[in-house]
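Worksheet: the structure to be examined is printed underneath.
We name chains A, B, ... by the order of the sequence lines, and we start the count at 1 in each one. Because the structure is a prediction, the values reported are computed rather than measured.
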Number of protein chains: 2
Amino acid sequence: MIDSTALPLATAEPHLRADAVRNRALLLEAAARLAARRGAAAITMEAVAAEAGVGKGTVSRRFGDRNGLIQALLDRSESLFQEAFLTGGPPLGPEADPATRLRAFGPALLRHEHADLELYLAAEPSPGRRFAVPARQLRHRHVAVLVRALLPGADADLLAHTLLASVDVVLTDHLVRGRGMPLARVEAAWLDLVDRLLS
Amino acid sequence: MIDSTALPLATAEPHLRADAVRNRALLLEAAARLAARRGAAAITMEAVAAEAGVGKGTVSRRFGDRNGLIQALLDRSESLFQEAFLTGGPPLGPEADPATRLRAFGPALLRHEHADLELYLAAEPSPGRRFAVPARQLRHRHVAVLVRALLPGADADLLAHTLLASVDVVLTDHLVRGRGMPLARVEAAWLDLVDRLLS
DNA sequence: AAGATAAACGGGCCGCGTTCCGTTTAGCGT
DNA sequence: ACGCTAAACGGAACGCGGCCCGTTTATCTT
């Protein structure tokens, strides 16, 4: 369970020593340099440490793991995006009505993600594999065929991806085991989603 | 681009030498033994090779990588599930009408995935991390709030997960860069999805 | 200012996945 | 039966991520 009152951006480390602050900045600059020069894949713990002129242990201690380092790299643009939909102007911000905000949120998130695409993909291990699994492709085709038959006007391909994502095993395991949600509720949500789409 | 006419289960290696066939079976048995004895996390290339009494190179050559090995372990139950929705009886199979099949597919997939949960999670690297990222949680809360305001009767928590999954960066990058889909189509699909849900 | 203390540092170490290449062997043609 | 060849084998080697622990150093206290 995560404390939802904490600000998500400030990592909130109580007191960071001066040398630690300096090295943190050095490491982020080094990582950005490496990414700009040789692509985000060049962001390895060793290379970043070497580029910054510190030991590997320092990277590990500061950012936890490679993923934490990449998240930290993304923090700046992430906070800009968050500002836009939390306190910004319409159509994303709170001055617009909820429907407008929700409609605008998707495209905004898409553009945000694709602006830092390399880093976001580098944060996910083997991103290409996930959709290359034959069993997944077969399920997608199956669902797409059914959707196409039921909703001729819809983008069946994408809607099938959405439906499958709603019962993705990583998501549902996170909800069921990680947050104690009954599996029956996930099943009910699938039925509800299908009904709303078909109605 | 993948040949969609190929059977997804048979790996279709043209001619596998007798010793290769034997070792393949040995390796799958060894991996299953390890998983049963010490959990799916114990499926490492080295351990499986040692348990089967072959070299690591043999595992690599046969299954490509650790993921391929786990996929091969899942093939049996996967093909049973595929049979159920491709050629089985109602409500999953082709004798039922599309709406019934689609409604039944979600719960069936959920049960299938959670039967082999350990293996499915072992096939995904660091599955827990994905939803622990603060930025992700913030986006989810934001979307859930909007959904709750717009659809009081719905399961806003799960619906928010579904909406976010439809514009997940890994998915959309796969579609845009991997399959040449225009980003505008993904944006249009989001708007269409929201409109269908709100109508 | 000087000592105490906790934090940070460094880089060696281990485990794992993947690659590579010299060696072995199964399958086939003659 | 006998080789020939391509496939398979094995395990050493490499790169990377994460961990650990002896050493260094910033910061606080008095």
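- To the nearest angstrom, C1' of D:dG17 lies 15 Å from CG of A:Leu27.
- Listed pair B:Asn23 / D:dC9 meets the phosphate criterion, a side-chain N or O lying under 4.0 Å from OP1 or OP2.
- One can place CG of A:Leu34 at 14 Å from C1' of D:dC16, the figure rounded to the nearest angstrom.
- Between C:dT18, D:dA8, C:dA8, one nucleotide has an atom nearer to the side chain of A:Ala20 than all others, and that is C:dA8.
- Judged by distance alone, with hydrogens and angles left aside, B:Arg17 brings a side-chain donor or acceptor within reach of the base of D:dA7, the pair sitting under 3.5 Å.
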Would you mind writing out the side-chain donor-acceptor pairs for residues 33-47 of chain B within the sub-3.5 Å range, not counting sequence neighbours?
residue: B:Arg33; atom: NE; partner: B:Glu51; partner atom: OE2; Å: 2.7
residue: B:Arg33; atom: NH2; partner: B:Glu51; partner atom: OE2; Å: 3.3
residue: B:Arg37; atom: NH2; partner: B:Glu51; partner atom: OE2; Å: 3.1
residue: B:Thr44; atom: OG1; partner: B:Ala47; partner atom: N; Å: 3.0

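- Side chain of A:Asp19, nearest nucleotide from C:dT18, C:dA26, D:dA26: D:dA26.
- If you take CZ of B:Arg66 and P of C:dG15, they are 16 Å apart, rounded to a whole angstrom.
- Backbone-only contact: B:Thr44 has heavy atoms under 4.0 Å from sugar-phosphate atoms and none from a base.
- When the C1' atom of D:dA7 is taken as reference, atom CZ of B:Arg61 falls 6 Å away, rounded to whole Å.
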>> Determine whether A:Phe85 and B:Val143 satisfy the following criterion, side chain to side chain contact (heavy atoms under 4.5 Å, CB included), listing intermediate values before the conclusion.
In response: CA-CA 10 Å; A:Phe85 69 77; B:Val143 173; over 6 Å; no
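- We find that CZ of A:Arg129 is positioned 11 Å from C1' of C:dT18, with the value rounded to whole Å.
- Between A:Gly53 and B:Ala18, the residue anchored closer to the 5' end of DNA chain C is A:Gly53, taking for each the nucleotide with the nearest heavy atom.
- Residues B:Asp65 and B:Arg22 each lie close to DNA chain C; by heavy-atom proximity, the contact nearer the 5' end of the strand is made by B:Asp65.
- Closest to the side chain of A:Leu16, from the set C:dG17, C:dA8, D:dG10, is C:dA8.
- Atom P of nucleotide C:dC14 and atom CE of B:Met45 are separated by 23 Å, given to the nearest angstrom.
- Straight-line distance from the CD atom of B:Glu46 to the C1' atom of D:dC14: 13 Å, rounded to whole Å.
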>> Run B:Val194 and A:Phe105 through side chain to side chain contact (heavy atoms under 4.5 Å, CB included) and show every step you take.
In response: CA-CA 11 Å; B:Val194 171; A:Phe105 183 79; over 6 Å; no
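- Of all nucleotides listed (C:dA26, D:dT27, D:dA8), D:dA8 comes nearest to the side chain of B:Arg62.
- Rounded to whole Å, the distance from NE2 on A:His15 to P on D:dT29 is 11 Å.
- Within the structure, every side-chain polar atom (N or O) of A:Arg24 is placed at least 4.0 Å from both OP1 and OP2 of C:dA8.
- When the nucleotides D:dA13, C:dG12, C:dC9 are ranked by their closest atom to the side chain of A:Lys56, C:dG12 comes out on top.
- In this model, the phosphate group of D:dG10 is approached by a side-chain N or O of B:Thr58 to a distance below 4.0 Å at OP1 or OP2.
- No more than 12 heavy atoms of other residues, nucleotides or ligands shown are found within 6.0 angstrom of CZ on A:Arg129.
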> Taking it one step at a time, do A:His112 and A:Tyr120 satisfy ring pair (Phe, Tyr, Trp, His ring centres under 6.0 Å)?
Replying inline: CA-CA 10 Å; A:His112 165 69; A:Tyr120 275 109; 5.7 Å; yes
